[in-house]
Every structure is written in structure tokens, then in C-alpha cells.
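Right, one structure below, let's go through it.
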Amino acid sequence: MKQLLKKFAVACAMLFPASSFAASEEIVSTTLCELASHPDSFNHKLIKVAGEVTHGYRLFTLTDACKPNLSSIWLNYGGLVNPPSVFNPQQADAPRLQQMIVEGMPTTLLDDALFIKFDKMVSTMSDRPQAKATIVGRYFAGHPEQIGEFKLWKGYGPMNCCTLLVIQQVLQVEGISY
């Protein structure tokens, strides 16, 4: 019986890790300016970044005053949690049936009190930044597209507009007052 319980505990630990990312993986601290300038150098990396979160019609992005608005960073939740949706609010309440996998990389989400606070703030937003957040997530650069003298990185979000940051942990969140 003890052996069976031990095997069950090991299986649970593998299926439901205590943290939202591998303990041995380095988290790269960066800025949105650095991401916009060199998206390919951060591709598939676990990053820590801060910015203003906007959610609304065709919006779930991370921005700041420094980042040029040429390549947007689309946000999504990792693991089994659906992000809020202005298209289908009922969908956001239903968990995903499978862990979110992007480009063959599984993602997780630390669904703690800080994330719940963040999610509630995001759910009530209306097309302008209303929260500042520091996020740890997996970054996906997408692919470059040359438009005139500008190189835009695209592949995610509405009409493949953006690069992608899959939120795996919220480290800090605060409301923005106007």
C-alpha cells in the first residue's frame, strides 16, 4: 500500500508541479524595449517583464511608454486557464481541457491569489490600460515581416498581429488611475 501511495505522489508531482516553470530554468529579466528591439533573441525563453495591460475588443496586450508600437505583444494564460474573452465571456469561465502548448512547448500557470486579482482586473477592462503588472511568461517571437523600412514580428493574436507572451506567473499587479 505504501508503495502504491508513493507512486501516486510521484505521478501527481509530475502532473501538477509546485511552481509554474521548471526550477532549473533561468528566468531572463528584460524590458519591453529590449523585446521590441530583439524579439528573436528572447524566442522560447522564460522572461520577466513589466508593463501596462490592456484588454478589450481584439486587445490583450502588454505595452509601456518605451516600446514602439510596431510589434505588439499579445498576452495569453498558460496551463489550463482560459483568458477573459470579450467575444465569448462564458468561454473564459470554462477551463481548457488540455494544457496550452505553443510551438511544441507546454505552458503552465501559477493560479494563486495574485493571479486571481490580475484576472479580475483584466476581466473588467475596456480598451485602455488599467493595470500595471510584472509577469513571468514564455515568449514567442513569431516570424519577421518586412514592411517598408520596418521589420514587424507577427504570428499571434488577431490576424497574426503580434508576438506572444504566455503568462505563467503574475509577480505584481496594481491598478492605474486616470
Side-chain angles (χ1 to χ4, degrees), residues 17-56 58-85 92 96 98-112 114-119 121-123 125 129-147 150-174 176:
S19 70
S20 60
F21 37 83
S24 61
E25 186 172 6
E26 177 186 358
I27 299 170
V28 179
S29 290
T30 189
T31 66
L32 291 176
C33 257
E34 289 173 332
L35 281 177
S37 298
H38 307 285
D40 53 333
S41 65
F42 293 96
N43 195 33
H44 294 170
K45 291 187 179 176
L46 196 58
I47 65 168
K48 175 183 168 186
V49 65
E52 294 182 351
V53 178
T54 303
H55 178 260
R58 292 192 178 199
L59 287 173
F60 191 23
T61 58
L62 189 66
T63 60
D64 74 0
C66 176
K67 190 190 99 39
N69 290 324
L70 299 176
S71 296
S72 295
I73 299 172
W74 189 260
L75 297 174
N76 205 329
Y77 295 162
L80 298 172
V81 179
N82 273 315
S85 170
R96 291 183 179 124
Q98 295 182 2
Q99 181 181 27
M100 183 180 190
I101 297 174
V102 181
E103 296 183 16
M105 300 185 78
T107 64
T108 59
L109 176 69
L110 184 59
D111 191 357
D112 61 1
L114 199 50
F115 170 75
I116 292 168
K117 177 181 176 182
F118 173 84
D119 184 53
M121 290 177 86
V122 168
S123 297
M125 290 182 181
Q130 294 182 358
K132 289 182 181 180
T134 302
I135 296 167
V136 172
R138 180 81 54 198
Y139 182 73
F140 298 92
H143 59 273
E145 185 176 310
Q146 196 71 36
I147 299 179
F150 300 107
K151 184 191 290 187
L152 302 180
W153 288 79
K154 305 171 87 178
Y156 299 97
M159 297 170 50
N160 295 318
C161 66
C162 312
T163 64
L164 175 66
L165 180 60
V166 179
I167 299 169
Q168 295 194 197
Q169 184 177 10
V170 176
L171 298 176
Q172 182 178 5
V173 64
E174 62 186 68
I176 299 173

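- Heavy atoms from other residues, nucleotides or ligands lying under 6.0 Å from CD of Gln146 number more than 12.
- Under the 3.5 Å distance criterion, with hydrogens and angles disregarded, no donor-acceptor pair is assigned to the side chains of Tyr156 and Asn76.
- Here the closest non-hydrogen pair linking Tyr77 and Val81 is CB-O, 3.3 Å.
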Between Thr163 and Leu35, is a side chain to side chain contact (heavy atoms under 4.5 Å, CB included) present by the stated rule, with each step listed? CA-CA 10 Å; Thr163 64; Leu35 281 177; over 6 Å; no
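- Contact of the Asp111 side chain with the Ile116 side chain is registered, since non-hydrogen atoms from C-beta on lie closer than 4.5 Å.
- Residues Ile73 and Leu32 have side chains in contact (heavy-atom distance under 4.5 Å, counting atoms from C-beta outward).
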Start with the C-alpha distance between Phe118 and Ile167, add both sets of side-chain angles, then the distance that settles side chain to side chain contact (heavy atoms under 4.5 Å, CB included), and finish with yes or no. CA-CA 11 Å; Phe118 173 84; Ile167 299 169; 3.8 Å; yes
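- In this structure, CG in Asn43 is found 6.0 Å from CD in Glu103, a value given to the nearest 0.5 Å.
- To the nearest 0.5 Å, atoms OG1 (Thr30) and CD1 (Ile47) are separated by 6.5 Å.
- Put simply, the side chain of Glu25 reaches to within 4.5 Å of the side chain of Arg138, judged on heavy atoms.
- Residues forming a salt bridge (charged side-chain N to carboxylate O under 4.0 Å, His left out) with Glu174 (at least two apart in sequence, or on another chain): none.
- In terms of heavy atoms, Lys154 sits closest to Asn160 at CB-O, 3.0 Å.
- Distance check, rounded to the nearest 0.5 Å: CD of Glu52 to CG of Asp64 gives 7.5 Å.
- Not a single donor-acceptor pair under 3.5 Å links the side chain of Thr107 to the backbone N or O of Ile101.
- Contact detail for Phe60 and Val122: the closest heavy-atom pair is CE1-CG1, 3.6 Å.
- Here CG of Leu171 is found 7.5 Å from CD1 of Ile27. Values are rounded to the nearest 0.5 Å.
- Once rounded to the nearest 0.5 Å, the distance linking NZ of Lys132 with CE of Met121 reads 11.5 Å.
- The environment of NE2 in His143 is crowded: more than 12 heavy-atom neighbours from other residues, nucleotides or ligands sit within 6.0 Å.
- The NZ atom of Lys45 sits 11.5 Å away from the CE atom of Met105 when rounded to the nearest 0.5 Å.
- Between Thr134 and Ala50, the closest heavy-atom pair is OG1-CB, 3.6 Å.
- For His44, the ring pair (Phe, Tyr, Trp, His ring centres under 6.0 Å) partners are Phe140, not counting sequence neighbours.
- Summarising the geometry of Leu164 relative to Leu75, their closest heavy-atom pair is CD1-C, 4.4 Å, with the distance given to 0.1 Å.
- Across Val53 and Ala133, no two heavy atoms sit closer than the pair CG2-CB, 4.0 Å.
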